[in-house]
Amino acid sequence: MKRKGLPKASSNRPSAEVRFDISDSALKRWDSTIKAATSDEANTINIFGVIGEDFWTGDGWTAKRVSGLLRYIGSDQDVVVNINSPGGDMFEGLAIYNLLREHRGKVTTQVLGVAASAASVIAVGGDEVKIARAGFFMIHNTWALIAGNRHQLRDFADTLEPFDKAMADIYSARTGSDIKEMSELMDDETWIGGSDAVEKGFADSLVASDEI
């Protein structure tokens with residue numbers, strides 16, 4: 001499914017007190033040294049790092065930052081978004097996905113290393129999705145750091161459920177697979193390598209090896 005047919009995702013945060021962070025498995029598999037050889041192109045956005053503001057450094061890829069870059073490039077211009085990210089804040093990821101979805105020019109996303117968690121949502125937001133042969137998607141249910149009593153924890157599990165369904169809906173629209181199948185993959189925290197990602201419909205093709 002092309003980008004304009006993808007569902008819009010709600011990025012409304014349930015509570016300002018909630019912190020969404022990177023799962024240990026995604027952080028261990030992320031190689032921050034992977035870069036694009038074409039990173040100096042004017043119409044290229046390189047999302048190489050955490051989605052949302054990093055808790056320790058304050059750095060990271062936010063919807064505000066991506067929105068500014070898209071305005072600078074121009075709303076009618078084609079854009080390439082290179083991705084190597086362990087994920088991070090799901091709501092920032094959903095907001096960036098919506099920005100790419102609404103961009104009027106052609107959007108090509110390229111997974112050069114890992115597009116995990118929130119970054120995987122961003123990756124499938126392009127008209128054309130490419131992935132390195134040694135690249136990975138990782139999809140899972142919303143992962144959060146919360147504190148509270150037993151009643152609040154039970155309530156929060158219910159709060160997260162619609163967002164998991166929204167992500168499954170996005171993956172389903174991109175791949176053409178059933179939402180239930182996507183939900184099961186998310187339940188299992190599934191890692192999908194380059195060739196498998198193309199076969200399963202998460203990506204349209206592999207990137208050329210000489211572009212990395």
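When a residue number appears, it is its place in the shown sequence, counting from 1.
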Considering all heavy atoms of both residues, which atom of [X] and which atom of [Y] are nearest to each other, and what is their separation?
| X | Y | value |
| --- | --- | --- |
| His103 | Gly74 | CE1-O, 3.2 Å |
| Ala123 | Ala115 | CB-CB, 4.1 Å |
| Phe163 | Phe91 | CE2-CE2, 3.2 Å |
| Ser172 | Met182 | N-CG, 3.7 Å |
| Glu128 | Asp204 | CA-OD2, 3.4 Å |
| Ser205 | Val198 | C-CG2, 3.7 Å |

Notebook entry, point to check: Would Leu206 and Ile131 satisfy side chain to side chain contact (heavy atoms under 4.5 Å, CB included), going step by step from the backbone distance to the final call?
Noted result: CA-CA 5 Å; Leu206 297 174; Ile131 186 170; 4.0 Å; yes
Can you tell me how far the [atom1] atom of [X] sits from the [atom2] atom of [Y], to the nearest 0.5 Å?
| X | Y | atom1 | atom2 | value |
| --- | --- | --- | --- | --- |
| Ile47 | Ser85 | CD1 | OG | 7.5 Å |
| Trp61 | Ile96 | CH2 | CD1 | 8.5 Å |
| Met167 | Ile139 | CE | CD1 | 9.0 Å |
| Met186 | Asp164 | CE | CG | 4.5 Å |
| Asp59 | Arg65 | CG | CZ | 5.5 Å |
| Asn98 | Ile122 | CG | CD1 | 10.5 Å |

Under 4.5 Å between side-chain heavy atoms, hopping through other hydrophobics if needed: is there a path connecting [X] to [Y]?
| X | Y | answer |
| --- | --- | --- |
| Val79 | Ile83 | yes |
| Val114 | Val124 | no |
| Ile51 | Leu99 | yes |

Determine yes or no for a side-chain-to-main-chain donor-acceptor pair under 3.5 angstrom, with [X] supplying the side chain and [Y] the backbone.
| X | Y | result |
| --- | --- | --- |
| Asn43 | Asp78 | yes |
| Glu92 | Ala63 | yes |
| Asp178 | Lys180 | yes |
| Asn84 | Leu112 | no |
| Asp127 | Val107 | yes |
| Gln152 | Asn149 | yes |

Notebook entry, point to check: In terms of the angle between their ring planes, are Trp191 and Phe136 parallel, tilted or perpendicular, with boundaries placed at 30° and 60°?
Noted result: perpendicular
Item checked: Residue pair Phe202 / Val129, side-chain heavy-atom distance below 4.5 Å -> no
Note to self: Just so I know, are the side chains of Glu53 and Asp89 near enough to count as touching, which here means a heavy-atom distance under 4.5 Å?
What the structure shows: no
Note to self: Tyr171 vs Leu185, test: side chain to side chain contact (heavy atoms under 4.5 Å, CB included). Steps then yes/no.
What the structure shows: CA-CA 10 Å; Tyr171 298 138; Leu185 292 177; over 6 Å; no
Checklist line | Full working for side chain to side chain contact (heavy atoms under 4.5 Å, CB included) between Glu181 and Thr175 | finding: CA-CA 11 Å; Glu181 180 182 346; Thr175 64; over 6 Å; no
Next item on the list: Report the residue from Ile45, Val81, Val80 that forms a side chain to side chain contact (heavy atoms under 4.5 Å, CB included) with Thr109.
Entry: Val81
Margin query: Go through it in stages, so that I can follow the logic: the residues are His140 and Ser117, the test is side chain to side chain contact (heavy atoms under 4.5 Å, CB included), and I'd like the CA-CA distance, side-chain angles, deciding distance and then a yes or no.
Written below: CA-CA 6 Å; His140 67 166; Ser117 190; 2.8 Å; yes
